[in-house]
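The next block holds one structure in the form of C-alpha cells; read it before the comments.
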Number of protein chains: 4
Amino acid sequence: MKQGVNSTPKDKKQAILDCALHLFVDQGFHATSTASIAKKSAVATGTLFHHFPSKQHLINQLFLNIKQEFAYAISQNRLMTNNIEHSANDLWQKAIDWAIENPYKQKFFLQFSLSAEIDQHTRQQAMNDILHFVVDLIKQGQQQGFIVDTPLDLLLENFHGQYLAAIRFFTDNPELGQNSLYRQASFKLVWQAIRAN
Amino acid sequence: MKQGVNSTPKDKKQAILDCALHLFVDQGFHATSTASIAKKSAVATGTLFHHFPSKQHLINQLFLNIKQEFAYAISQNRLMTNNIEHSANDLWQKAIDWAIENPYKQKFFLQFSLSAEIDQHTRQQAMNDILHFVVDLIKQGQQQGFIVDTPLDLLLENFHGQYLAAIRFFTDNPELGQNSLYRQASFKLVWQAIRAN
Amino acid sequence: MKQGVNSTPKDKKQAILDCALHLFVDQGFHATSTASIAKKSAVATGTLFHHFPSKQHLINQLFLNIKQEFAYAISQNRLMTNNIEHSANDLWQKAIDWAIENPYKQKFFLQFSLSAEIDQHTRQQAMNDILHFVVDLIKQGQQQGFIVDTPLDLLLENFHGQYLAAIRFFTDNPELGQNSLYRQASFKLVWQAIRAN
Amino acid sequence: MKQGVNSTPKDKKQAILDCALHLFVDQGFHATSTASIAKKSAVATGTLFHHFPSKQHLINQLFLNIKQEFAYAISQNRLMTNNIEHSANDLWQKAIDWAIENPYKQKFFLQFSLSAEIDQHTRQQAMNDILHFVVDLIKQGQQQGFIVDTPLDLLLENFHGQYLAAIRFFTDNPELGQNSLYRQASFKLVWQAIRAN
DNA sequence: CATGAATGAGAGTTCATTCAT
DNA sequence: GATGAATGAACTCTCATTCAT
C-alpha cells in the first residue's frame, strides 16, 4: 500500500539510467564500470543486468531516452510562420534552451552521438529524427530561394557543425545562456552563413 | 650485427605508432589492447613498453606527432597578403588538403581531440597551436572591420565547429576533395558567417 | 476462481519436470538455468522454487520419477518361467522397448545415472532397485549352473555395461528397434557372454 | 642458466594440465573454477589463460593429451600373431594395465568421453583412433569366421560397453588388478560374447 | 499458490604492465 | 634493445535463491 522511503515503482531502473548518464559523461563509457553504476544507484550488480541485458544495451537505451526527450522538447509550441528565418531561429533557441537546462544530457549527446559505443543504426536514426525539422526547413528554404544554393549534403554538415559548436559553447558557459547578445549572435552566424545572398 | 630486411633502427618505434594510429581510429582507445598493437606491429609486448612508458604516453605521443605534422603542413608556403579573406581561404584549403591526404590522422583528430583519453594539457596546447594562425587572423580582421563584431569566444567556437564539419565532410567524401564547387562552397559558408556585413 | 484453459492443479509442477527433463538432456545440468526451465514451463521463477526447494532437489525428484516409471514398465506382465534364458530375455526386451518409447528419459539415465549431479545415495538406490531383478536372476542362474561361474561383481558390471551399450544403441538408432535381427542379436551377445559353457 | 627451485620450463603449463585433470575428475567440469585450477597449480589466473585460450580449450587439450598417451601405451610391444583371440586379449590386458596405472586419466575418459564438455569432433576422433585397432581386428575376425556374424555397429557398441565396464571395474577395484582370475575372466566374458559359435 | 524484481557471490576472461633472459 | 611468460586486479555478466505482493 504505502510507498517505502527508498523504493517507488520503476525507481531502480530510472535510478540506473540517471546515474549511468552522469558517470558516462564524467568518465567515459569504458572507464565506467557496471559495478560503479550499480553502486551509485544503490542497487545490486545483478539488478542492473535484470533491467538491461548488457552495458551496451544500457547506453543505447539511455541514448534513445534522451533523444526522445529532446525531440519532444523542441517540437513543443513550434512557432507557426512562413518566415523561414524566424522558424529556424525558433528551433535554434529551443535547442539551446534545452541544452542549458539539461547540461548532462547535452554533454552525453556531444560525446556519444558521434562515437562508436552506440549502435550505428541507433545513432543514425537519432540524427535523422532530430535533424528532421531542420532538413525539411533547409530544403524548403532552398526551393523558395531564401537559403543559399550550396550542395545540400555540405550545407547540412556545416549546419550541424555550427549547431554542435553553439551547444558546446552554451553548455560550457551556461551563465551566458540568458545573455540575449550571445543568443542572438549565435543564430545570426548560422543564418549569415546559409541565407541566400 | 647486420640489419635485417625489415628492421632498421627506430623502425619498431615508428611501426608501433603507425599501427596504433589505425587501431585506435578503427576500434577506439580502450577497445585496442597493447597486445594487439604489438602483434600488428610484429613486435613483442615488452617492446612497446620499452619505447613508451604506458599506453597513455603512447597515445599522447601519437597526438603530438600528428599535430606537428599538421601544423607543419599548413604553415608551409603561406600566402602572403593583407587580404584577410584570401589568407583565411589559403589556410582553409591547406587544411582540407591535408585531411584528404591523411584520412587516418584526420580521423584520429576528430575522435580524440575532444575526448578524455588525451591529457587535457596536451589537448589544449595542440588546439592553441593549431588554431593560433586563425585566432590571430580573426582578431586582426575584427580590428580592421572585415570580420563581424561578435564576441570572440563565440566566434572561435563557431569557426572551429565549421572547420570540423568541413573536415568531416571531405574525409567522409574524399572523391569530392578535387571538386572545386564543393571546395569553394565550403569556405564560402564560413566566410559568409563571419565577415562583417 | 475458475481454472484457466491451460492450468489444472499439479499441471505446473509436472510442466516443470517435463521441461527440465528435456533441457537437462539437451544442455546438461549446469548449463541449464532454473530461469530457462521456468521460462520453457511458462511459469515464474519463483514458482519453480515453490515446488522444489532447490535445483538439486528438482533433478533428484526427476530421477526418482523416471526410475519408478521404468521399474513399473519392466515389471509389468513378467514372463513366468523357470527357464532363466527366457526370463532374462523377457526383461531385456522390455527394457529396450521402454528405452525406445521414452528416448529422453532414457538419455537422462544414460547421462546422469553415473554422474555426480545426482546424490550418490539416490543413484545407488536406483541402480539396486532396477538391477534387482537381474541380480536375483544371475545369482539364481549361477547356483543352478546355467550361468558362468565368474566372480559376481565382475559379472554384474559386465552385464550392466552391455545393457547400457544396448540401450544407447537402440536409443541412437530407434528405427532398428523393430528389427528382430538386431533385437535378437542384442540379447544373444549378452547371453553368450554369461551363460555357462 | 640454472634452474630455479620452483620453475622449470613448460612447468606451469603442465602443472595446470595435471591439476585440471584431478579437479575435473573429482568435482566435474562445471563445478571446477578456473581460479581453483590456477590456485592448485600455484599460478596466477592470467597464466592459465596465457596458455589456454579458454576453459573449454583446456579440457579439450587435456583430452587429446591423455588420448595420445593411451594410444601410445597400448600400441607399444603389440603381440604379433595371426590368432585373433590372442591378439585381442593382448590389447585388452594392455588397456587394463594402463587404466590401473593411470586411474585419474582413466576416470577422466570414463566421465568425459561421452559428455558434452568435449567438442564432438575431438570426441569422435578420439574414439576412432583408440578403437581403431579393435575395429580392424573385429572386422578381420568376422571375415575369417572367428567372430560372430552380428551387425558390426551393434557388435562394436557392445564391445565398447564391455570395455568400459571392465575399465570401470578395475579402476574402482585396483587391488584386483593383479588377480589373474579376474583379469582372465574379464577377457573371457567378451570373447565368449563375440566369438563365432 | 503464483509472481518476478531484487540480490550478491562468484564465474570466466582481459589486459596493462613487469622482468628475467 | 628486444623478448614473451607471468602477473593479478578489474571487468562484464550469470544464476540459484528470496520475498513482498
Side-chain angles (χ1 to χ4, degrees), chain A residues 1 4 7 9-13 16 30-39 42-58, chain B residues 4 7 9-13 30-39 42-58, chain C residues 4 7 9-13 30-39 42-58, chain D residues 1-2 4 7 9-13 30-39 42-58:
Chain A
M1 298 300 133
S7 71
K10 288 198 74 178
D11 240 11
K12 305 215 167 185
K13 187 170 184 178
I16 291 167
H30 280 104
T32 302
S33 70
T34 52
S36 72
I37 298 171
K39 191 171 186 183
V43 145
T45 60
T47 305
L48 190 154
F49 289 93
H50 179 68
H51 291 291
F52 307 94
S54 73
K55 197 185 174 187
Q56 286 286 345
H57 278 83
L58 170 57
Chain B
S7 70
K10 290 198 76 177
D11 241 14
K12 303 212 167 185
K13 186 170 183 178
H30 279 103
T32 301
S33 67
T34 51
S36 72
I37 298 171
K39 191 173 185 183
V43 145
T45 57
T47 305
L48 191 154
F49 287 90
H50 184 71
H51 290 291
F52 307 94
S54 75
K55 198 185 175 188
Q56 285 289 343
H57 279 83
L58 170 57
Chain C
S7 71
K10 289 199 79 175
D11 242 14
K12 302 209 169 185
K13 186 170 184 176
H30 279 102
T32 301
S33 67
T34 52
S36 72
I37 298 170
K39 191 173 185 182
V43 146
T45 58
T47 306
L48 189 153
F49 288 89
H50 184 73
H51 290 290
F52 306 94
S54 76
K55 197 183 174 189
Q56 285 289 344
H57 280 83
L58 169 57
Chain D
M1 298 300 131
K2 68 177 176 59
S7 72
K10 288 197 78 177
D11 239 12
K12 305 215 165 185
K13 186 169 185 178
H30 279 104
T32 301
S33 70
T34 52
S36 72
I37 298 171
K39 191 171 186 180
V43 144
T45 59
T47 305
L48 190 154
F49 288 93
H50 179 69
H51 291 291
F52 307 95
S54 74
K55 198 184 174 189
Q56 285 287 344
H57 279 82
L58 169 57

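For clarity, every value in this text was computed on a predicted model and none was experimentally measured.
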* Could you tell me which nucleotide pairs with F:dA20 by Watson-Crick or G-U wobble geometry, both distances under 3.5 Å, or answer none if nothing does? =>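 Across all strands, the one nucleotide that pairs with F:dA20 is E:dT3.
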
[options]: which one has an atom nearest the side-chain heavy atoms of [X]?
{"X": "B:Thr34", "options": "E:dT13, E:dA9, E:dT17", "value": "E:dT17"}
{"X": "A:His51", "options": "E:dA5, F:dT17, E:dT3", "value": "E:dA5"}
{"X": "D:Ala44", "options": "E:dT7, F:dG4, F:dT7", "value": "F:dT7"}
{"X": "A:Thr47", "options": "E:dA6, F:dA6, E:dT3", "value": "E:dA6"}
{"X": "D:Phe49", "options": "F:dT17, F:dC13, E:dG12", "value": "E:dG12"}

Quick one: [X] [atom1] to [N] [atom2], roughly how many Å, whole number?
{"X": "A:Lys55", "N": "F:dA10", "atom1": "NZ", "atom2": "C1'", "answer": "12 Å"}
{"X": "C:His30", "N": "E:dG12", "atom1": "NE2", "atom2": "C1'", "answer": "15 Å"}
{"X": "B:His50", "N": "E:dT18", "atom1": "NE2", "atom2": "C1'", "answer": "14 Å"}

* Select base, sugar-phosphate, or nothing to describe what D:Thr32 touches, counting heavy atoms under 4.0 Å on all strands. =>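 Since only primed, P, OP1 and OP2 atoms lie under 4.0 Å of D:Thr32, the category is sugar-phosphate.
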
* Asked: Which is true for B:Thr45 with a 4.0 Å heavy-atom rule: it touches a base, it touches only sugar-phosphate, or it touches nothing?
  ->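 Result for B:Thr45 = base.
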
* List in chain and number order the residues that pass side-chain contact (heavy atoms from CB on, under 4.5 Å) with C:Thr32, two or more places apart in sequence or in another chain; answer none if no residue qualifies. =>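 Checked C:Thr32 against side-chain contact (heavy atoms from CB on, under 4.5 Å); matches are C:Leu23, C:Phe24, C:Gln27, C:Ser36, C:Ile37.
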
* Ignoring backbone atoms, establish whether D:Lys39 has a side-chain N or O less than 4.0 Å from OP1 or OP2 of F:dG8. =>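 Answer is no, no contact under 4.0 Å.
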
* Asked: E:dC1 phosphate, OP1 or OP2: any side-chain N/O from C:Lys13 under 4.0 angstrom?
  ->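 For E:dC1, OP1/OP2 do not have a side-chain N/O of C:Lys13 under 4.0 Å.
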
* Between A:Ser33 and B:Leu48, which is nearer to the 5' end of DNA chain F once each is assigned its nearest nucleotide? ->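 Nearer the 5' end of the strand: B:Leu48.
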
* More than 12 non-hydrogen atoms from neighbouring residues, nucleotides or ligands closer than 6.0 Å to NE2 on A:His57, yes or no? ->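 No, not enclosed.
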
